[in-house]
Amino acid sequence: MTAKLTDERRARLAEFIEPFRVTPGRRVNLAEDFDPAFRGGIETKKKGRALLTEGVQLLAEYQARLAAQGTAGVLFVLQAPDSAGKDGTIRHVMSGVNAQGVTVNSFKVPSSEERHHDFLWRYEQRLPGRGAIGIFNRSHYEEVLVVRVHRETLDRELLPRSAKKKGIWKRRYREINDWERYLTDNGVAVVKVLLNLSKEEQRARLLRRIDLPDHNWKFSEADLTERARWDDYQRAYSEMLSHTSTDWAPWHVIPADRKWFGRTAAAAVLVDAMMQIDPRYPRLDKSGREALEHARASLQAEASEGATGAPEDGETSVRGVRAFNGSR
Ligand code: AMP
Ligand code: MG
């Protein structure tokens with residue numbers, strides 16, 4: 001890709017995702033400030049799909065470079081109410097990338113072992129390594145969402161009384177911000193997306209889960225108990241967005257009433273982050289090149305009569321060589 005094309009794409013992407021970004025320090029009221037049905041200037045589903053395809057291709061390219069470079073990691077945090085499309089987003093966004101470079105972790109009710117540790121412990125365990133993308137399907141933010149909405153969950157976290165006193169949520173926001181700052185300072189980019197669904201669209205989707213036999217397995221009684229606390233969740237999301245969108249790890253609120261739009265926008269946010277990292281294939285220095293030339297000479301010297309020197313899978317090999325000398 002030429003530098004000019006890359007710059008143009010970056011500019012277009014940045015413009016597309018700009019309305020979703022939560023300005024650090026801004027006081028957010030989710031229901032008033034963000035429209036779940038917004039479609040960001042994309043008129044048709046078809047156009048959205050084409051954009052998603054482009055995003056998926058870009059992601060594959062950048063992921064390959066991220067892995068080759070092996071220094072930066074990317075943590076992609078996905079939060080959303082039930083049925084907002086987290087699973088579908090992961091499936092689509094990751095459809096083009098090399099499975100070896102991606103991990104997905106879904107966080108459920110904490111296990112007994114997890115409850116015996118500090119609240120960030122289990123998330124720390126699942127962070128992506130250098131060169132990898134790690135997706136958090138639900139995340140450390142549940143610690144200020146479900147745990148805040150259902151106070152009794154906090155009691156199960158076995159905190160000493162002094163750590164549960166008033167001010168715990170503000171303190172957790174600060175602790176999360178500090179942790180994310182530590183991660184970004186040390187080469188793990190933190191990319192955060194909230195899929196923003198309307199209550200009416202959730203109703204329709206839950207009904208569909210009941211109506212379609214192949215979707216029945218997705219329905220859980222808990223979906224209704226959580227839905228009953230809709231307003232409390234909206235408040236908890238608003239508070240979370242107001243306190244944890246930072247310069248180093250800003251939130252993006254993605255309109256999710258149209259599945260295709262949610263997926264496209266989520267992919268765009270991730271691609272934009274990857275473009276900012278701008279990972280490069282490592283270039284060999286002079287001694288590295290010399291070592292390669294040496295290896296070439298010794299392999300060529302082994303050739304038997306009539307050997308072409310072309311490997312069985314020429315395509316792969318050419319790409320492999322390019323990866324090393326950077327002539328893409
Ligand atoms: P699902 O994603 O539909 O499989 O549901 C996972 C469930 O685990 C949801 O009901 C979440 O609210 C719950 N959960 C996730 N993280 C936590 C947490 N830290 N504390 C309590 N419940 C959690
Ligand atoms: Mg569920």
Side-chain angles (χ1 to χ4, degrees), residues 30 75-94 103-127 134-159 163-164 168-169 171-173 175-176 179-180 190 192-199 201-240 243-244 254 256 259 262-263 266:
L30 185 59
L75 175 63
F76 187 51
V77 171
L78 257 181
Q79 282 296 150
D82 292 309
S83 84
K86 291 193 301 298
D87 296 321
T89 299
I90 295 170
R91 186 157 37 86
H92 278 79
V93 167
M94 290 301 137
T103 55
V104 182
N105 283 286
S106 302
F107 292 99
K108 314 278 179 189
V109 178
S111 70
S112 160
E113 187 191 18
E114 286 165 349
R115 284 187 288 115
H116 278 82
H117 290 271
D118 60 278
F119 82 94
L120 289 174
W121 183 78
R122 67 169 180 164
Y123 308 99
E124 177 79 34
Q125 313 275 310
R126 313 281 186 85
L127 287 172
I135 302 177
F136 277 7
N137 179 355
R138 301 185 191 271
S139 68
H140 49 298
Y141 282 99
E142 291 296 341
E143 306 290 341
V144 292
L145 294 170
V146 64
V147 182
R148 183 166 188 174
V149 170
H150 298 276
R151 268 306 288 235
E152 66 281 9
T153 322
L154 189 61
D155 296 328
R156 272 185 245 122
E157 287 196 350
L158 308 176
L159 292 163
K164 275 197 292 192
I168 179 172
W169 308 117
R171 209 183 68 226
R172 283 198 168 184
Y173 297 139
E175 287 157 351
I176 287 173
W179 185 59
E180 291 179 353
V190 183
K192 303 189 298 205
V193 161
L194 172 66
L195 297 175
N196 186 28
L197 187 71
S198 69
K199 195 173 182 187
E201 178 61 20
Q202 188 190 57
R203 193 177 75 90
R205 289 187 190 179
L206 292 179
L207 274 174
R208 204 150 50 228
R209 287 183 178 183
I210 294 167
D211 289 343
L212 302 177
D214 285 357
H215 289 227
N216 286 170
W217 66 274
K218 289 195 210 171
F219 188 83
S220 138
E221 290 284 337
D223 294 345
L224 287 192
T225 49
E226 294 308 276
R227 180 176 167 78
R229 305 296 294 273
W230 183 270
D231 291 342
D232 295 331
Y233 270 106
Q234 292 287 302
R235 262 193 296 279
Y237 285 130
S238 300
E239 284 286 301
M240 173 195 83
H243 289 98
T244 61
I254 302 280
K259 284 184 180 171
R263 290 163 187 172

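Values reported hereafter were calculated over all heavy atoms of this structure, with side chains retained and with hydrogens, waters and symmetry mates removed. Each ligand, and each atom within it, is numbered from 1 in the order the structure gives.
Pairs engaging residues 104-125 under the salt bridge (charged side-chain N to carboxylate O under 4.0 Å, His left out) rule: E114-R122, E114-R126 [sequence neighbours left out]. Residue pairs that meet the side-chain hydrogen bond (donor to acceptor under 3.5 Å, both in side chains) test with at least one member in residues 208-219, sequence neighbours left out, are R209-D223.
With sequence neighbours left out, R235 forms a salt bridge (Lys or Arg N to Asp or Glu O under 4.0 Å) with D232.
The immediate protein surroundings of ligand 1, defined as residues with any heavy atom under 4.0 Å of it, consist of F107, K108, V109, P110, R122, Y123, R138, E142, E143, V146, V147, T153.
When H140, E142, E143 are each tested for a side chain to side chain donor-acceptor pair (under 3.5 Å) with Y123, only one passes: E143. Put simply, the residue from K199, R203, R205 that forms a side chain to side chain donor-acceptor pair (under 3.5 Å) with E201 is R205.
At most 12 non-hydrogen atoms from other residues, nucleotides or ligands lie less than 6.0 angstrom from CD of E221.
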